[in-house]
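As the structure is a prediction and not an experimental result, all values here were calculated from the model.
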Amino acid sequence: MKKLLLLLPFIVSCATDTPREKLKKEVAILLYSEIIDRGDMALSENPVTITSFIAERSAGGIHDFYSEGDYWWPNPVSPDSAYIRRDGQTNPDNFTAHRHAMIRFSILVGDLTSAYLVTKDKKYAEQVVKHIRAWFISPETRMNPSLNYAQAIKGITTGRGIGIIDTIHLLEIVQSLMVLEKENIISAEGMTACRNWFSEYLGWLTSHPYGKDEMNAQNNHGTCWVMQAAQFARFTGNTEVIKLCRDRYKNVLLPSQMAEDGSFPLELRRTKPYGYSIFNLDAMATVCHILSDGEENLWHFTTDDGRNMQKGVAWLFPYIQDKSEWPYEHDVMYWDEWPVTSPALLFSIYETPNETYFDVWKGLDHFPANDEVIRNLPIRHPLLWISLN
């Protein structure tokens with residue numbers, strides 16, 4: 001009975017509901033029970049930051065995020081020499097503890113904030129604050145706002161710009177912070193500390209050679225740089241970087257990555273063309289969602305030869321709806337695990353209602369458990385994104 005009472009505001013629709021308000025209610029009703037269950041489980045989870053895991057091969061310190069290149073393996077001819085690359089094949093022995101801790105952080109905060117949104121029970125929001133303080137504020141457990149040692153490769157490099165993709169999981173942390181700030185949950189002091197952290201990290205992303213390398217990457221890495229920089233700039237009020245991100249979407253990402261039919265040729269050439277195509281579409285759609293406002297809507301931007309975001313969604317949609325129709329090579333790994341719930345479909349529907357898209361989106365797995373899928377799905381809590389924008 002209590003759950004039904006809490007759900008009542010979402011069940012009751014008004015004649016004056018806009019399509020976006022209707023979408024929010026339908027999503028809340030669809031996911032309500034799972035949101036509450038996950039939020040309740042998250043209440044008992046204590047913060048765990050990167051300082052809980054010692055990365056013995058890291059050139060940094062205990063507060064520095066560290067990860068290792070996924071597709072790099074020991075050389076079978078000489079195991080003690082530099083690693084060699086096997087594209088698309090993840091080495092299970094590489095150090096991933098920091099990445100997993102960050103993903104856990106993102107999932108828990110998203111679960112708790114979503115539960116708060118549908119119940120308005122402050123116990124969920126108060127638990128979010130504990131995790132936020134541990135990661136960004138507490139001197140003993142906080143992470144340094146830089147990524148100097150991500151995606152290292154044994155015998156080759158202590159870190160790479162490509163490692164910046166590891167922090168896509170901070171996107172929903174920031175989204176949660178903005179939602180809770182709007183609800184007057186987090187103190188002004190706490191919000192200032194968080195904004196300072198992300199302002200420092202954004203400064204590193206835009207000035208360090210690793211950040212510049214990743215910004216100029218020509219595939220999904222370049223997309224994910226813009227996606228992160230846009231979100232962090234919106235949070236910190238950095239209008240200069242927001243303008244930079246809009247310009248890069250219109251003049252770099254869309255014209256250089258999307259073909260005239262809406263596909264992503266650079267992703268189709270990879271050993272995991274299906275998963276990478278979905279991942280890049282999701283990231284580019286998230287860029288449009290973050291950067292669209294009353295003054296400029298990137299979903300409406302179209303190149304002279306007709307390329308735009310909705311064309312990208314339309315090209316991939318049939319293969320999300322029915323993967324058996326995929327006309328290209330199957331992914332070398334994790335073929336069976338895709339597709340799952342797609343933020344590109346959700347954001348497309350948010351912009352332009354489409355019942356067919358929504359029906360397919362509703363039927364996909366909204367809470368996947370596979371680690372590799374979760375790693376490539378930074379947008380996992382839809383209510384955070386359609387409640388605030």
With a 4.0 Å cut-off, would you call [X] and [Y] a salt bridge?
X	Y	value
Lys120	Glu183	yes
Lys22	Asp17	no
Lys250	Glu296	yes
Glu181	Arg195	yes
Arg99	Asp70	yes
Lys243	Asp247	yes
Arg20	Glu351	yes

Is there a donor-acceptor pair under 3.5 Å between the side chain of [X] and the backbone N or O of [Y]?
X	Y	value
Trp73	Tyr83	no
Thr49	Ala134	no
Ser58	Gly60	yes
Ser263	Ala259	no
Asn91	Trp72	yes
Asn94	Gly69	yes
Glu267	Asn220	yes

Answer with yes or no whether the side chains of [Y] and [X] bring together a donor and an acceptor at under 3.5 Å.
X	Y	result
Asn376	Glu372	yes
Ser256	Gln218	no
Asp331	Thr271	no
Ser138	Glu140	yes
Asn238	Thr236	no
Thr341	Trp361	yes
Thr223	Tyr249	no
Ser324	Asp322	yes
Gln257	Asn280	yes
Glu172	Trp385	yes

Taking all atoms of both residues into account, what is the closest heavy-atom pair of [X] and [Y], and its distance?
X	Y	value
Leu23	Ile349	CD1-CG2, 4.0 Å
Glu68	Phe95	OE1-N, 2.7 Å
Ala344	Ala285	CA-CB, 3.6 Å
Arg307	Pro255	NH1-O, 2.9 Å
Leu205	Ile164	CD2-CG2, 3.5 Å
Trp204	Asn148	NE1-OD1, 3.2 Å

Look at the rings of Phe136 and Phe198 and say which category their plane angle falls in: under 30° parallel, 30 to 60° tilted, over 60° perpendicular.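 Answer is perpendicular, since the angle exceeds 60°.
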Aromatic plane relationship, Phe65 with His98 - under 30° parallel, 30 to 60° tilted, over 60° perpendicular: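 Ring orientation, 0 to 90° scale: tilted.
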Around [X], counting heavy atoms of other residues, nucleotides and ligands shown, do more than 12 lie under 6.0 Å from its [atom1]?
X	atom1	answer
Glu34	CD	yes
Lys362	NZ	yes
Arg133	CZ	no

Applying ring pair (Phe, Tyr, Trp, His ring centres under 6.0 Å), can you list everything that pairs with Tyr116, at least two apart in sequence or on another chain?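 Partners of Tyr116 under the ring pair (Phe, Tyr, Trp, His ring centres under 6.0 Å) test: none.
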Does Tyr276 have any ring pair (Phe, Tyr, Trp, His ring centres under 6.0 Å) partners at least two apart in sequence or in another chain, and if so, which?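 So Tyr276 forms no ring pair (Phe, Tyr, Trp, His ring centres under 6.0 Å) with any residue.
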Evaluation steps, ring-ring contact (aromatic ring centres under 6.0 Å, His included), between Phe105 and His169: CA-CA 9 Å; Phe105 172 41; His169 300 284; over 10 Å; no
Would Leu117 and Leu384 satisfy side chain to side chain contact (heavy atoms under 4.5 Å, CB included), going step by step from the backbone distance to the final call? CA-CA 8 Å; Leu117 279 174; Leu384 303 185; 4.0 Å; yes
Taking atom [atom1] of [X] and atom [atom2] of [Y], what is their separation to the nearest 0.5 Å?
X	Y	atom1	atom2	value
Met227	Leu253	CE	CG	11.0 Å
Trp338	Phe279	CH2	CZ	8.0 Å
Leu30	Ser33	CG	OG	10.0 Å

If a pair satisfies side-chain hydrogen bond (donor to acceptor under 3.5 Å, both in side chains) and one of its residues is in residues 153-162, list it, with sequence neighbours excluded.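 For residues 153-162: Gln151-Arg160.
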Which of these passes salt bridge (charged side-chain N to carboxylate O under 4.0 Å, His left out) with Glu45: Arg38, Lys130, Arg104?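 One option only clears the test, and that one is Arg104.
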Find out whether the Lys NZ or Arg CZ of Lys323 is both under 6.0 angstrom from the six-membered ring centre of Trp335 and within 45° of the ring's axis.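 Positive - Lys323 is close enough to the ring of Trp335 and near enough to its axis.
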Take Ser106 and Arg380 through the side chain to side chain contact (heavy atoms under 4.5 Å, CB included) test and state the conclusion after the steps. CA-CA 9 Å; Ser106 178; Arg380 293 176 288 261; 2.9 Å; yes
Please step through side chain to side chain contact (heavy atoms under 4.5 Å, CB included) for the pair Glu337 and Val373, ending with a clear verdict. CA-CA 7 Å; Glu337 284 73 19; Val373 171; 3.6 Å; yes
Kindly determine whether Trp326 and Tyr328 satisfy ring-ring contact (aromatic ring centres under 6.0 Å, His included), including the steps that lead there. CA-CA 6 Å; Trp326 180 248; Tyr328 302 94; 5.1 Å; yes
With side chain to side chain contact (heavy atoms under 4.5 Å, CB included) as the test, would you mind laying out the steps for Val174 and Met178 before giving the verdict? CA-CA 6 Å; Val174 169; Met178 291 190 289; 3.9 Å; yes
Suppose we call two aromatic rings close when their centres sit under 6.0 Å apart. Are Tyr274 and His330 close by that rule?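 Tyr274 vs His330: aromatic centres not under 6.0 Å.
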